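Values below: all heavy atoms of this structure, side chains included; hydrogens, waters and symmetry mates excluded. This is a predicted model, so every value here is computed, not measured.
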Amino acid sequence: MALISKETIDKIMDTARIEEVIGEFVNLKKSGQNFKGFSPFTEERNPSFFVSPAKNIFKCFSSNKGGSVVTFLMEHEHYTYPEALRFLAKKYGIEIEEHEQTPEEIEKMNEREALFHVNTFAQKFFSEQLLETDEGKSVGLSYFKDLEYNKEIIDKFGLGYSPNKWDALTAHCLSNGYKLEYLVKTGLSIEKEDKTYDRFRARVIFPIHNLSGRVVGFGGRILTKEENKPKYVNSPESEIYNKSNVLYGLHLAKSEIIRQDKCYLVEGYTDVISMVKAGFENVVASSGTALTPDQIRLIKRFTKNITILYDGDEAGIKASFRGIDLILEQGMNVKIIMFPPDEDPDSYVRNHRTAETKDFLAQEKDFIRFKTGILLEETAGDPVKRAGLIREIVETIALIPDTIYRSVYIKECSTLLDTSEQILVNELNKIIRKKNWKTKQDKDEYIPDIPPDTVPQSQEVDLASSEFQEREVIRLLLVYGEKEILLDKKIEEEGKIRIEKIPISVTKYLVPSVKADDLKFNNPVYQMIFDEYHRALLEGRNLDEKDFIDHEMEQIRVNVANLLSSRYELSENWKKRKIFVSSEESMLKVLVESSLLSFKIKMLESQITVLQQQIQEQGTEDDLDLLLIEMKGLKNISRKFNADLSRIITH
């Protein structure tokens with residue numbers, strides 16, 4: 001794999017807009033100068049994920065992850081560093097020269113990347129078979145044309161065809177240097193009784209992509225009616241494909257879902273494709289599997305509003321009830337559309353004009369009205385069944401985490417069911433109490449939610465540690481390294497002394513001062529960052545936060561993101577109300593000098609502590625005298641530094 005030049009990396013990082021890239025994976029809302037959203041790494045009730053376009057970093061306070069746009073892609077999509085750069089280069093049309101991989105290079109790839117690579121190769125093979133072979137055109141392409149799919153749609157979804165031959169794909173991959181074990185692990189090939197054959201032979205192919213658009217699996221539909229052969233065959237789960245964590249079409253739909261703040265959820269591949277072709281691009285599918293909490297959480301990253309499109313049969317109705325409950329548990333707003341009998345999204349869209357489909361989708365029903373309406377039909381004239389219906393509806397409402405939403409739905413339910421609101425509230429409270437009691441019983445210890453940035457009162461702080469002082473020195477270098485402060489310089493002229501203000505950058509002041517006193521950072525990452533500033537100063541180069549946000553070492557990227565991140569910022573209302581707060585930059589000289597002195601004092605205190613231990617363990621009287629003299633000297637210096645620090649802060 002070719003190395004990417006420093007010039008190309010710089011161009012990629014200068015071009016990529018972090019809020020734009022991360023916005024494809026997380027629903028971001030403007031918050032002052034920054035953006036915020038729910039963490040894509042953990043489950044949380046309050047958004048703690050922040051993106052700063054000005055600093056070009058993200059910070060997730062619930063998982064403590066942070067860094068540049070490249071770091072995000074590496075953390076979220078499990079890309080390697082070069083792959084993240086290539087993803088960004090492709091997105092922004094930046095050309096990267098690289099040669100085709102040889103079989104030897106392919107063999108050196110790690111297994112996970114090899115699985116991705118072989119899937120991509122297979123998708124290209126299936127596509128070529130569909131569009132460039134006689135069999136593919138007469139069988140596969142004819143099927144897609146019957147569905148009115150044009151070339152643009154076929155290319156957009158990467159549709160393909162697997163030939164009616166036992167090992168067409170397997171032989172092609174092996175001849176191009178791919179290992180059989182990876183073909184088997186992705187499910188492209190099946191090994192049985194010393195025989196190897198293609199899983200998807202004689203089927204049209206629907207590639208399944210993850211959120212970033214990488215092929216993780218395939219769905220294959222047979223076009224002939226044969227006994228003992230399923231209509232659809234899907235890739236088995238693998239290291240890169242977990243069915244419960246993937247939604248078909250989400251990699252294409254996410255931007256439109258964010259724009260419209262709504263997601264349509266359908267069941268199958270063709271439902272998605274036909275709706276997209278008709279202009280409804282905010283649609284995804286559960287790919288024929290039962291909807292899972294992980295899939296719902298995927299959608300929740302981009303919107304809290306979801307509309308489920310179900311077939312109008314009994315199975316579809318029962319599936320809708322299960323889906324509703326799961327979605328409500330995630331705190332999302334859910335609406336339902338039920339298609340007429342013998343219709344599904346695919347057939348309806350193809351049999352109606354886009355305007356008619358739009359009008360039909362506008363008739364979506366709130367989950368309470370939908371569920372109540374269906375269940376009332378089933379319980380007509382039966383008071384016992386009606387009581388069961390009321391309990392079932394209230395159990396669904398009890399799943400909603402937000403108390404205000406629950407109360408609104410209880411009122412709605414009271415009207416629809418012609419039942420006392422107080423009776424429904426009593427039943428609701430009974431269900432919630434029972435659920436809370438069970439939660440406590442299921443755990444060895446009940447621990448309430450704690451905000452991610454809250455430190456328990458009982459947590460001990462190591463007062464002897466210099467972590468805080470070290471952190472502050474490095475933070476000042478990163479944020480204000482090239483900013484200038486004015487130092488007082490005494491100049492003697494004709495027997496008189498005058499004070500002249502001399503400008504000097506924070507870097508040129510801090511770095512030599514730390515080196516002059518031979519101060520060392522106990523935190524190894526801070527020491528590495530400081531050493532890079534020292535080398536740059538000696539070489540006449542300037543460094544800034546960008547050099548470390550994009551650093552090749554993950555530890556440095558993450559630490560720098562932590563140093564530069566804050567989840568709080570001053571409200572614009574303060575300015576409107578003429579409440580002014582001093583900025584760091586306006587007090588930069590005081591901040592720099594006091595931070596340096598605090599660091600020196602902490603280092604002296606550490607040395608004094610070591611000396612005290614040596615005095616207790618002293619051997620001879622001469623040793624004790626020398627140690628006491630050294631102790632006295634250190635304490636005198638410490639007193640002077642503390643006096644200087646007091647003078648600076650109160651100046």
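- Note: Lys185 NZ to Asn119 CG = 13.5 Å, rounded to the nearest 0.5 Å.
- When atom types are taken as modelled, the side chain of Arg112 and the backbone of Ile240 share no donor-acceptor pair closer than 3.5 angstrom.
- Lys156 NZ: more than 12 foreign heavy atoms inside a 6.0 Å radius.
- Within the 4.5 Å cutoff, the side chain of Ser595 has no heavy atoms near those of the Gln469 side chain.
- A heavy-atom distance below 4.5 Å is not found between the side chains of Val69 and Phe87.
- Looking at every heavy atom in both residues, Pro207 comes nearest to Gln123 through CG-CG, 3.7 Å.
- Residues Glu83 and Glu77 form no side-chain contact, since every pair of their non-hydrogen atoms from C-beta on lies 4.5 Å or further apart.
- Rounded to the nearest 0.5 Å, atoms CD1 (Ile324) and CG (Leu399) are 11.0 Å apart.
- Closest non-hydrogen pair, Met13 versus Val70, comes out as SD-CG2, 3.6 Å.
- Inter-residue side-chain proximity for Leu487 and Lys501 is flagged as unmet; no heavy-atom pair is nearer than 4.5 Å.
- The line from CD1 of Ile529 to CD1 of Ile474 is 6.0 Å long, rounded to the nearest 0.5 Å.
- In this structure, Val215 and Phe116 have side chains that are not in contact, with every pair of non-hydrogen atoms separated by 4.5 Å or more.
- Using a cutoff of 4.0 Å between basic side-chain nitrogens and carboxylate oxygens, Glu539 and Arg535 are not scored as salt-bridged.
- Using bins of under 30°, 30° to 60° and over 60° for the plane-to-plane angle, the ring pair Phe521/Tyr526 lands in the perpendicular bin.
- A cation-pi arrangement is absent between Lys59 and Phe50, since the terminal nitrogen or guanidinium carbon is not both under 6.0 Å from the aromatic centre and inside a 45° cone about the axis.
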What verdict does the side chain to side chain donor-acceptor pair (under 3.5 Å) test give for Asp531 and Gln527, after you've listed the backbone C-alpha separation in whole Å, the side-chain angles of each residue and the deciding distance to 0.1 Å?
CA-CA 6 Å; Asp531 289 343; Gln527 185 65 56; 2.9 Å; yes
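- A side-chain contact (heavy atoms from CB on, under 4.5 Å) with Val334 is found for exactly one of Leu326, Ile308, Asp325, namely Ile308.
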Decide side chain to side chain contact (heavy atoms under 4.5 Å, CB included) for Glu281 and Leu252; before the verdict, give the C-alpha distance in whole Å, the side-chain angles of both, and the deciding distance to 0.1 Å.
CA-CA 8 Å; Glu281 296 186 32; Leu252 297 173; over 6 Å; no
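- Annotation: cation-pi pair Lys65/Phe41 present, NZ/CZ under 6.0 Å from the ring centroid and within 45° of its normal.
- The only member of Phe61, Phe38, Phe58 that meets ring-ring contact (aromatic ring centres under 6.0 Å, His included) when paired with Phe49 is Phe58.
- Salt-bridge check for Glu113 with Arg214: passed, with a basic side-chain N closer than 4.0 Å to an acidic carboxylate O.
- The minimum heavy-atom distance linking Ser513 with Leu596 is given by the pair CB-CD2, 3.5 Å.
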Could you give me the CA-CA distance, side-chain angles and deciding distance for Ile400 and Phe367, then say whether side chain to side chain contact (heavy atoms under 4.5 Å, CB included) is met?
CA-CA 12 Å; Ile400 302 172; Phe367 83 92; 4.0 Å; yes
Do Tyr409 and Asp366 pass the side chain to side chain donor-acceptor pair (under 3.5 Å) test, and can you show the C-alpha distance, the side-chain angles, and the key distance before you say yes or no?
CA-CA 10 Å; Tyr409 282 122; Asp366 181 88; 3.3 Å; yes
Steps toward side chain to side chain contact (heavy atoms under 4.5 Å, CB included) verdict (Asn522, Glu470)
CA-CA 8 Å; Asn522 291 318; Glu470 294 178 22; 3.4 Å; yes
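- Looking at Val284 and Val266, their side chains never come closer than 4.5 Å, going by heavy atoms from C-beta outward.
- Salt bridge annotation for Lys243-Glu237: absent, with no cationic side-chain nitrogen under 4.0 angstrom from a carboxylate oxygen.
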Apply side chain to side chain donor-acceptor pair (under 3.5 Å) to the pair Asn242 and Ser244, showing each step before the final yes or no.
CA-CA 6 Å; Asn242 184 332; Ser244 66; 2.8 Å; yes
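- Ion pairing between a basic and an acidic side chain is recognised when a charged N comes within 4.0 Å of a carboxylate O; Glu472 and Arg475 show such pairing.
- Glu44 contributes atom CD, which lies 4.0 Å from atom OG of Ser62 (distance to the nearest 0.5 angstrom).
- To the nearest 0.5 Å, atom CG of residue Leu543 and atom CG of residue Leu478 are 9.5 Å apart.
- At most 12 non-hydrogen atoms from other residues, nucleotides or ligands lie less than 6.0 angstrom from NZ of Lys508.
- Across all non-hydrogen atoms, the minimal contact from Ile257 to Cys263 is CD1-SG, 3.7 Å.
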Begin with the C-alpha distance, continue with both residues' side-chain angles, and end with the deciding distance and a verdict on side chain to side chain donor-acceptor pair (under 3.5 Å) for Lys262 and Thr307.
CA-CA 7 Å; Lys262 176 198 281 284; Thr307 299; 3.3 Å; yes
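- The minimum heavy-atom distance linking Cys60 with Ser63 is given by the pair SG-OG, 3.0 Å.
- Once rounded to the nearest 0.5 Å, the distance linking NZ of Lys29 with CD1 of Ile258 reads 8.5 Å.
- Thr71 approaches Gly66 most closely through the heavy-atom pair CG2-O, 3.5 Å.
- Salt bridge Arg259/Asp261: absent, no basic N to carboxylate O contact under 4.0 Å.
- A centroid separation of less than 6.0 Å is found between the aromatic rings of Phe548 and Tyr533.
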For the pair Val283 and Leu265, evaluate side chain to side chain contact (heavy atoms under 4.5 Å, CB included) and give the outcome as yes or no after the intermediate values.
CA-CA 6 Å; Val283 57; Leu265 177 65; over 6 Å; no
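- With contacts defined as side-chain heavy-atom distances shorter than 4.5 Å, the pair Asn245/Gln295 does not qualify.
- When only modelled atom types and interatomic distance are considered, Tyr92 and Glu20 share a side-chain donor-acceptor pair under 3.5 Å.
- Dense packing is recorded around CG of Leu538, with more than 12 heavy atoms of other residues, nucleotides or ligands lying under 6.0 Å away.
- Between the side chain of Ser238 and the main chain of Tyr241, a donor-acceptor pair closer than 3.5 Å is present.
- Residues Glu484 and Ile504 form no side-chain contact, since every pair of their non-hydrogen atoms from C-beta on lies 4.5 Å or further apart.
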